[in-house]
Trainee: 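Attaching a single structure in structure tokens format; questions to follow.
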Amino acid sequence: MRGPLASSLIPLLLAAACVAGPAAAQSNEVLAPSSLGPLRVTTLASGLQNPWAMAFLPDGRLLITERPGRLRVYSNGTLSAPITGLPAVWAQGQGGLLDVALDPDFARNQRLYLSYAEAGSGGKAGTAVMRARLVGSALQDVLVIFRQEPKLSTGNHFGSRLVFNRQGHLFITLGENNVRISAQALDQHQGKVVRLWPDGNIPTDNPFVGHPTALEDLWSYGHRNPQGATLNPWTGALWTVEHGAMGGDEINIPQAGKNYGWPRITHGLDYNGQPIPESVGTSAPGMEQPVHQWTPSIAPSGMAFYTGLELFDWQGDLFVGALAAQQLVRLEIAGDRVVAEERLLTGMGHRVRDVRNGPDGALYVLTDSGNGKLLRIVQAKPRFRRSLQGDKLPVREGAAPGETPMPKPAPVRRGG
């Protein structure tokens, strides 16, 4: 193979080798049904203690957080010893070490960001975000850039995901610490999405800058417990997914200054089967409706738009981890609407905590348990071939010249 495509594939192949590893690719493989045909699900690593998030480094190695407070590196079938230099985390209930995200300029500055539960007074805690440089197997130049105030959690609803947008802003999703009405209070961080610059400074065009009683770092409010967030790579918009109570899990596209309703409006019930006490119903003036909701709940967590080639028919689809449903959920998207849904990994017993695109085009999944796993998902029998004669998209076998590559499959199931 020669030419520009061959050259461009070299770093991708090296990165893929770092991720899969020669030994890992041969072990612990199972097939799972899907609308594309069988998926090959490979367990790359196990023995992780409640893994929460992952982020691929430019060289293909994979950072993984564990909720008790450890950050590890996965490479070539091996998990590293914990990275040193992390702050103390409040690892109680749903608290602990949570999300990890790379600085958009990581290749130059080696900077990463971590969200975690931080102890406060009176046995309570809140979400904090720190940044540091990854130097070898240690974090250096650690700086806390955000603290949720006040700290109200006794173990529940910390959020939290970290997402950079194209302009370099950092979005932080925050749970309401199981103090429902705080999600409507503009002078508290509970139940909010925050937008900052990477150094913790507040953008001057944030929607509440200059507001006499609101926190100026707020972007949107009225959220319950958003444990998933991602940037739509086609539109650049932030998408989030949050837990409802008993029903009413939501996908939203948070807009500046908008109120997403919790607990005033919700499609769910309280855990005793009664209406949420503060709720006035499923809609109210001045409050936004979700893009999509699940009743009964799936308990959604990490989410990612698929951008790879290994599952090319699904490119552009949104994948959401489901903890209670123990599934990976695929959502077909048309504009800002969910038009179809498919449940994957059903019956495998995996509480899916996070899902990410890999540099090799595969999907990578973390499962939440005391024996958490890192899974790699590809098609068992790909239905396309890659053209190696110029930089062309994959095409179907027998496709006519000029035919649109890989049309989307028919909708699997209408979203509910």
Trainee: Does Leu311 offer a backbone N or O that forms a donor-acceptor pair with the side chain of Gln379 under 3.5 Å?
Mentor: no

Trainee: I'd like to know if the side chain of Gln184 and the backbone of Trp262 have a donor-acceptor N/O pair within less than 3.5 Å.
Mentor: yes

Trainee: By side chain to side chain contact (heavy atoms under 4.5 Å, CB included), which residues pair with Ala284, not counting sequence neighbours?
Mentor: Ile265, Val280, Met287

Trainee: Salt bridge (Lys or Arg N to Asp or Glu O under 4.0 Å) between Arg356 and Asp99: does it pass, once the steps are laid out?
Mentor: CA-CA 12 Å; Arg356 304 285 172 118; Asp99 204 13; 3.1 Å; yes

Trainee: Glu216: which residues meet the salt bridge (charged side-chain N to carboxylate O under 4.0 Å, His left out) condition with it, sequence neighbours left out?
Mentor: none

Trainee: Between the side chain of Ser153 and the main-chain N/O of Gly155, is any donor-acceptor distance below 3.5 Å?
Mentor: yes

Trainee: May I ask you to decide if Gly261's main-chain N or O and Asn259's side chain share a donor-acceptor pair within less than 3.5 Å?
Mentor: yes

Trainee: Closer than 3.5 angstrom, by distance alone: can the side chain of Asn177 be matched with the main-chain N or O of Val179 as a donor-acceptor pair?
Mentor: no

Trainee: Which pair of non-hydrogen atoms, one from Leu98 and one from Gln94, has the smallest distance, and what is that distance?
Mentor: CD2-O, 4.1 Å

Trainee: Checking side-chain contact (heavy atoms from CB on, under 4.5 Å) for the pair Val142/Leu86: CA distance, chi angles, key distance, verdict?
Mentor: CA-CA 8 Å; Val142 174; Leu86 273 73; over 6 Å; no

Trainee: Give a yes or no on this: more than 12 heavy atoms of other residues, nucleotides or ligands lie within 6.0 Å of atom CZ of Arg180.
Mentor: yes

Trainee: Using modelled atom types and a 3.5 Å cut-off, is there a donor and acceptor pairing between side-chain atoms of Asn178 and backbone atoms of His157?
Mentor: no

Trainee: Do the ring centers of Phe305 and Trp239 come within less than 6.0 Å of each other?
Mentor: yes

Trainee: Between the main-chain N or O of Arg108 and the side-chain N or O of Gln110, is there a donor-acceptor pair closer than 3.5 Å?
Mentor: yes

Trainee: Can you list the residues that meet the side chain to side chain donor-acceptor pair (under 3.5 Å) rule with Asn206, with sequence neighbours excluded?
Mentor: Arg195

Trainee: If the threshold is 4.0 Å, N to carboxylate O, is there a salt bridge linking Arg40 and Glu29?
Mentor: yes

Trainee: Going by the rule side chain to side chain donor-acceptor pair (under 3.5 Å), which residues pair with Tyr113 if we only count those two or more places apart in sequence or in a different chain?
Mentor: Asp103

Trainee: For the ring pair Phe56 and Tyr364, is the centre-to-centre distance below 6.0 Å?
Mentor: yes

Trainee: Gln326: which residues meet the side chain to side chain donor-acceptor pair (under 3.5 Å) condition with it, sequence neighbours left out?
Mentor: none

Trainee: Ignoring hydrogens and angles, tell me if any N or O in the side chain of His223 forms a donor-acceptor pair with the backbone of Glu242 under 3.5 Å.
Mentor: no

Trainee: Residues two or more places apart in sequence or in another chain: which of them pass salt bridge (charged side-chain N to carboxylate O under 4.0 Å, His left out) with Asp336?
Mentor: none

Trainee: Salt bridge or not between Glu341 and Arg330? Use side-chain N to carboxylate O under 4.0 Å.
Mentor: no

Trainee: Indicate yes or no: does Arg376 engage Asp360 in a salt bridge with an N to O separation below 4.0 Å.
Mentor: yes

Trainee: In plain terms, say whether Asp354 and Lys373 are close enough for a salt bridge, that is, a side-chain N and a carboxylate O under 4.0 Å apart.
Mentor: no

Trainee: Who are the salt bridge (charged side-chain N to carboxylate O under 4.0 Å, His left out) partners of Asp187, not counting sequence neighbours?
Mentor: none

Trainee: Once side chain to side chain contact (heavy atoms under 4.5 Å, CB included) is applied, do any residues pair with Ser301, and if so which ones, sequence neighbours excluded?
Mentor: Arg161, Gln227, Leu323, Arg353

Trainee: Taking Ser160 for the side chain and Thr173 for the main chain, is one N or O donor matched with an acceptor at less than 3.5 Å?
Mentor: yes

Trainee: Would a distance-only check, ignoring hydrogens and angles, find a side-chain to backbone donor-acceptor pair under 3.5 Å from Glu66 to Gln49?
Mentor: yes

Trainee: Would you say the side-chain atoms of Glu176 and Ser182 include a donor-acceptor pair closer than 3.5 Å?
Mentor: no

Trainee: Would you mind reporting whether Val365 and Ile377 have side-chain heavy atoms less than 4.5 Å apart?
Mentor: yes

Trainee: Can you name the residues that form a side chain to side chain contact (heavy atoms under 4.5 Å, CB included) with Glu288, not counting sequence neighbours?
Mentor: Lys258, Tyr260

Trainee: I'd like to know if Glu118 pairs up with Arg147 as an ion pair, taking the criterion as any Lys NZ or Arg NE/NH1/NH2 lying under 4.0 Å from an Asp or Glu carboxylate oxygen.
Mentor: yes

Trainee: If the condition is side chain to side chain donor-acceptor pair (under 3.5 Å), which residues does Asp270 pass it with, not counting sequence neighbours?
Mentor: none

Trainee: I want to check a possible cation-pi pair here: Arg67 against Trp52, using under 6.0 Å from ring centre and within 45° of the ring axis as the test.
Mentor: no

Trainee: Would you mind listing every ring-ring contact (aromatic ring centres under 6.0 Å, His included) that reaches into residues 120-145, with sequence neighbours excluded?
Mentor: none

Trainee: Can you list every pair that meets ring-ring contact (aromatic ring centres under 6.0 Å, His included) and has a residue in residues 176-216, with sequence neighbours left out?
Mentor: Phe146-His189, His169-Trp197, Phe208-His211

